[in-house]
*Asks:* 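The structure follows.
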Amino acid sequence: MSQYQAVKGTRDIFPEEGAQWKHVESAVHRMASLYGFSEVRTPVFEYTELFQRGIGATTDIVGKEMFTFQPDPAGRSLTLRPEMTAGVMRAALQRNLLSQAPVHKLYYISELFRKERPQAGRQRQFTQFGAELLGASSPAAVAEVVTFMMQVFETLGLSGLRLRINTLGDLEDRARYREALREYFRPYEAELDDSSRERLEKNPLRILDSKNPALREMIAGAPRLFDYVKAEGVEEFERVLRFLDDRGIGYDVDHLLVRGLDYYCHTAFEVTSEALGAQDAIGGGGRYDGLSKELGGKEMPAVGFAVGMERLLIAMEKQGLFATLNPRGPMVYVVVQQSELADHGMEVAFRLRRSGISTEIDLAGRSMKAQMREANRLRAAYALFIGQSEFETGRYGLKNLVTSEQTTLEIGAIIDILRETSVEESQRG
RNA sequence: GUGAUUGUAGCUCAGUUGGUUAGAGCGCCAGGUUGUGGCCCUGGAGGUCGGGGGUUCGAGUCCCCUCAUUCACCCCA
């Protein structure tokens with residue numbers, strides 16, 4: 001083992017797995033363009049206050065999971081982004097996007113950083129793809145975002161998903177509900193676990209999604225957030241549900257679903273996969289109408305979601321969705337008989353490549369047998385032989401490595417054959 | 001941050017109550033075929049047994065410390 005290894009919670013992706021990433025990423029890009037979302041890229045780090053403001057100072061992310069550093073002792077504190085929404089919102093406000101057009105639909109595939117203890121489906125550097133719809137958060141806007149997300153899962157062939165959805169009401173609703181919850185739980189204070197007791201003051205809503213079975217009964221008897229949401233909020237929520245019904249998207253209304261980030265309001269949702277372990281949330285999101293103002297901007301309705309790429313990949317692997325993902329080898333492998341012919345081999349290889357034919361050639365001066373083994377390992381479709389006589393006559397041996405048939409042809413004819421095969425292969429997908 | 005788990009070859013793993021030069025399969029390299037892959041046969045390279053300390057005549061095996069891994073809690077994607 002080498003002296004150095006990847007930092008805790010980070011990992012390397014080698015070509016085999018890289019093909020899986022590419023497959024998923026291209027599905028995301030394709031779906032984004034179908035739904036009219038454009039890609040946005042923001043810096044990997046931001047001023048620390050942005051996250052403290054945006055995500056909320058009492059959240060776990062800000063409280064204990066951020067990679068924060070200060071490059072200049074006299075300068076400002078910086079933080080590796082632990083999520084994307086705050087940064088995207090900052091960028092939108094900085095550019096004054098909404099003065100250019102009232103609605104913007106953005107998406108991203110980006111790396112994030114959280115200083116948590118790694119476990120299955122959780123790393124310190126991880127990747128999310130997500131969308132932020134800025135300037136609207138109507139039921140139609142919510143449905144647009146949820147549908148986009150669910151359709152990505154669908155095209156990838158993922159099954160065993162569960163979409164849970166809830167409404168958190170507006171700030172006022174939640175303030176009233178928070179008080180009601182405190183009143184409800186206070187008599188039980190002694191029976192609560194440590195973290196729940198702490199939340200009682202800070203953020204009692206989070207007691208609701210505690211996994212502690214001992215609290216289950218107590219939580220079941222708690223007042224419902226839904227009952228504190230104003231009539232218009234309820235009506236909007238019902239319209240969201242109707243939109244989903246119309247699209248044939250199944251969901252469960254879960255009155256206990258409370259998202260961990262402070263900026264969510266009204267509709268919130270989460271998707272879990274039965275193919276995952278304890279960390280089974282594969283995606284989540286909701287409305288965050290208040291975030292813009294929190295960051296010093298104007299009122300701006302907004303709704304978005306984020307999906308964990310690593311978790312998505314794990315779930316897909318578990319369900320065998322990569323089984324058919326065979327990497328295609330080069331069209332042709334140029335084999336030279338002896339090292340004196342290597343230069344000529346390179347010349348032929350470059351000519352083939354210029355003609356649009358994927359070509360490989362030995363760069364290590366290995367024996368012919370080794371070259372052939374390599375061609376086979378790479379799954380090259382053809383081998384092109386260059387020996388002394390071929391060099392002299394300009395007619396090369398072309399061997400089909402699947403059928404083992406071999407012919408002798410001039411380079412022009414070879415290019416024609418290989419090009420035709422390339423076209424057929426790309427049409428097959 | 002807490003708990004548990006596991007560290008032996010590139011990978012997956014054997015290694016008996018501590019006892020010779022630490023093994024297998026796969027992979028890799030070479031030869032069998034001095035101009036031709038896959039299958040087969042033969043050979044080869046590759047290991048500070050995670051690291052440090054201790055017990056012992058002797059430690060991959062026992063003890064302590066440490067680092068790392070994995071899973072779970074918390075929370076999230």
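A note on names: the letters A, B, ... follow the listed sequences, proteins ahead of strands, and every chain is numbered from 1.
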*Asks:* With heavy atoms under 4.0 Å as the rule, sort A:Q279 into base, sugar-phosphate or nothing.
*Replies:* base
*Asks:* Would you say whether A:F126 stacks on B:A77? The test is a distance between ring centres of less than 5.5 Å and an angle between planes of less than 30°.
*Replies:* yes
*Asks:* Of A:V7 and A:M368, whose nearest nucleotide on RNA chain B comes first from the 5' end?
*Replies:* A:M368
*Asks:* Among B:G35, B:U36, B:A77, which nucleotide has an atom closest to any side-chain atom of A:S389?
*Replies:* B:G35
*Asks:* Would you please indicate if the ring centroids of A:F45 and A:F69 are separated by under 6.0 Å?
*Replies:* yes
*Asks:* Measure from CD on A:E390 to P on B:G35 and round the result to the nearest Å.
*Replies:* 12 Å
*Asks:* Atom CE of A:M372 and atom P of B:C29: how far apart are they, to the nearest Å?
*Replies:* 15 Å
*Asks:* Can you check whether A:R351's main-chain N or O pairs, donor with acceptor, with A:S355's side chain at less than 3.5 Å?
*Replies:* yes
*Asks:* Between B:G7 and B:G60, how far is it from one C1' atom to the other, in whole Å?
*Replies:* 12 Å
*Asks:* Among B:U36, B:G37, B:C73, which nucleotide sits nearest the side chain of A:N376?
*Replies:* B:G37
*Asks:* According to the interplanar angle, ranging from 0 to 90°, do the rings of A:Y228 and A:Y177 count as parallel (below 30°), tilted (30 to 60°) or perpendicular (above 60°)?
*Replies:* tilted
*Asks:* With salt bridge (charged side-chain N to carboxylate O under 4.0 Å, His left out) as the test, pick out the partner of A:R164 among A:D280, A:D252, A:D254.
*Replies:* A:D254
*Asks:* Quick check on contacts: within residues 329-343 of chain A, what sits under 4.0 Å from RNA chain B by heavy-atom distance?
*Replies:* A:Q337
*Asks:* Less than 6.0 angstrom separating the ring centers of A:F51 and A:Y47, yes or no?
*Replies:* no
*Asks:* What distance, rounded to whole Å, do you find between the two C1' atoms, one in B:G10 and one in B:C28?
*Replies:* 8 Å
*Asks:* Nearest to the A:K399 side chain among B:A30, B:U36, B:A77, which nucleotide is it?
*Replies:* B:U36
*Asks:* Can you tell me the distance, in whole Å, between the CG atom of A:D362 and the P atom of B:G35?
*Replies:* 16 Å
*Asks:* When you compare B:G46 with B:A9, how far apart are their P atoms, in angstrom units rounded to a whole number?
*Replies:* 15 Å
*Asks:* Provide the distance between the two P atoms, one in B:C74 and one in B:A14, to the nearest whole Å.
*Replies:* 32 Å
